[in-house]
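No hydrogens, no waters, no symmetry mates; every other heavy atom, side chains included, goes into these values. Because the structure is a prediction, the values reported are computed rather than measured.
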Amino acid sequence: FILIVSFSLIVSCGKEEIPPDKLIGEWTVYSITDQTSETIIWEELKTSLVGLIPEYSCLDFTATATEQIVSTRYVFVDVNARGCLSPTIAAYTWQIDPETGFYQFTQGTNVINYLISFSNNDNRMTWNDQTSGAITVWDRVISETAPAE
């Protein structure tokens, strides 16, 4: 019995798993700041624009994070037509700077340092760009599963 318990402890101690970073997942923008640091609630902006021109319903702003890549997808309105422009997708590798705790998003030679915080049971994420001061707030996309019948 002691041999089995000892073996179990040794095996379980050797399998320390690092939990995935809270950043990993699908996100949709909640709010952004403009040049004057005023908060713009994305859904309010979208609702106003769609109220004026229904074809603007394609307006979208999302982020997806995996263990190696963060990608953002923007779909903005075409001010010269009734509709939206083609999606703009940007992909970045990312890591956490062990000295500062900043998330470093790298695309080529461009590095953006973000102070990222989480709230609402890790379902809301705030990016604070350490260079521009811009703040983007994201809500986690939570897939709803249908109840079993």
Side-chain angles (χ1 to χ4, degrees), residues 8 11-149:
S8 297
V11 170
S12 66
C13 289
K15 293 183 179 181
E16 182 180 342
E17 290 187 26
I18 299 172
D21 195 273
K22 298 174 191 177
L23 173 71
I24 296 173
E26 303 285 326
W27 301 87
T28 186
V29 74
Y30 172 76
S31 67
I32 55 177
T33 57
D34 63 9
Q35 294 79 8
T36 63
S37 297
E38 291 187 39
T39 301
I40 299 169
I41 306 297
W42 186 260
E43 281 303 314
E44 290 175 4
L45 173 66
K46 183 175 179 178
T47 300
S48 296
L49 290 173
V50 171
L52 294 172
I53 300 175
E55 290 86 357
Y56 286 171
S57 63
C58 51
L59 188 66
D60 194 27
F61 189 3
T62 59
T64 302
T66 67
E67 290 180 2
Q68 293 92 21
I69 302 289
V70 170
S71 62
T72 56
R73 181 178 184 273
Y74 308 94
V75 178
F76 291 113
V77 298
D78 184 346
V79 295
N80 297 316
R82 295 179 69 93
C84 291
L85 298 169
S86 297
T88 301
I89 299 171
Y92 305 85
T93 58
W94 69 275
Q95 65 180 6
I96 300 173
D97 183 314
E99 292 179 17
T100 63
F102 294 149
Y103 284 71
Q104 295 179 328
F105 289 16
T106 304
Q107 184 183 53
T109 59
N110 186 29
V111 177
I112 305 170
N113 285 307
Y114 288 106
L115 175 61
I116 297 181
S117 59
F118 297 89
S119 60
N120 193 24
N121 292 324
D122 299 333
N123 290 314
R124 177 158 285 178
M125 170 175 65
T126 302
W127 292 3
N128 188 328
D129 186 320
Q130 297 302 290
T131 302
S132 71
I135 296 172
T136 309
V137 178
W138 303 88
D139 284 333
R140 187 180 299 278
V141 175
I142 300 172
S143 61
E144 297 191 22
T145 55
E149 293 184 29

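Sorted by first then second residue, the salt bridge (charged side-chain N to carboxylate O under 4.0 Å, His left out) pairs that include residues 85-95, not counting sequence neighbours, number zero. Residue pairs that meet the disulfide (SG to SG under 2.5 Å) test with at least one member in residues 99-142, sequence neighbours left out, do not exist here. Every pair tested for salt bridge (charged side-chain N to carboxylate O under 4.0 Å, His left out) that includes a residue from residues 83-107 fails, sequence neighbours excluded, so the list is empty. Listed by first and then second residue, the disulfide (SG to SG under 2.5 Å) pairs that reach into residues 40-78 are Cys58-Cys84, sequence neighbours excluded. Pairs of residues two or more places apart, or lying in two chains, that qualify as side-chain hydrogen bond (donor to acceptor under 3.5 Å, both in side chains) and include a residue from residues 60-71 are Glu26-Thr64, Asp60-Arg73.
Atom OH of Tyr30 is surrounded by 12 or fewer heavy atoms from other residues, nucleotides or ligands within 6.0 Å. Surrounding CG of Asn110 are more than 12 heavy atoms belonging to other residues, nucleotides or ligands, all under 6.0 Å away.
Judged as a side chain to side chain donor-acceptor pair (under 3.5 Å), and not counting sequence neighbours, Thr28 has no contacts. For Phe61, the ring pair (Phe, Tyr, Trp, His ring centres under 6.0 Å) test picks out Trp42, Tyr74, Trp138, with sequence neighbours left out. Applying the side chain to side chain donor-acceptor pair (under 3.5 Å) rule to Tyr103 yields the partners Asp21; only residues at least two apart in sequence or on another chain are considered. Residues meeting the salt bridge (charged side-chain N to carboxylate O under 4.0 Å, His left out) test with Arg124, sequence neighbours left out: Asp139. Applying the side chain to side chain donor-acceptor pair (under 3.5 Å) test to Gln130 and every residue at least two apart in sequence or in another chain returns nothing. Taking the side chain to side chain contact (heavy atoms under 4.5 Å, CB included) definition, one finds that Ser132 meets it with Asp129, Ala134, sequence neighbours left out.
Residues Gly25 and Arg140 approach most closely at CA-NH1, 4.0 Å, considering heavy atoms. Pairing each heavy atom of Lys22 with each of Trp27, the nearest pair is O-CZ2, 3.5 Å. Ser31 approaches Ile41 most closely through the heavy-atom pair CB-CD1, 3.9 Å.
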Sequence neighbours left out, cut at 3.5 Å: what donor-acceptor pairs do the side chains of residues 46-56 make with other protein atoms?
unit_1, atom_1, unit_2, atom_2, d
Lys46, NZ, Ser57, O, 3.4
Lys46, NZ, Leu59, O, 3.1
Thr47, OG1, Glu43, O, 2.7
Ser48, OG, Glu44, O, 3.0
Glu55, OE1, Arg82, NE, 3.4
Glu55, OE1, Arg82, NH2, 3.3
Tyr56, OH, Asp78, O, 3.3

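Between Trp127 and Phe105, the ring planes lie perpendicular to each other; the angle is over 60°, past the 30° to 60° tilted range.
To the nearest 0.5 Å, the span separating CG on Asn113 from CG on Asn128 amounts to 11.0 Å.
With a 4.5 Å cut-off on side-chain heavy atoms, Leu23 and Val70 count as touching.
Between the side chain of Thr33 and the backbone N or O of Ile135 there is at least one donor-acceptor pair closer than 3.5 Å.
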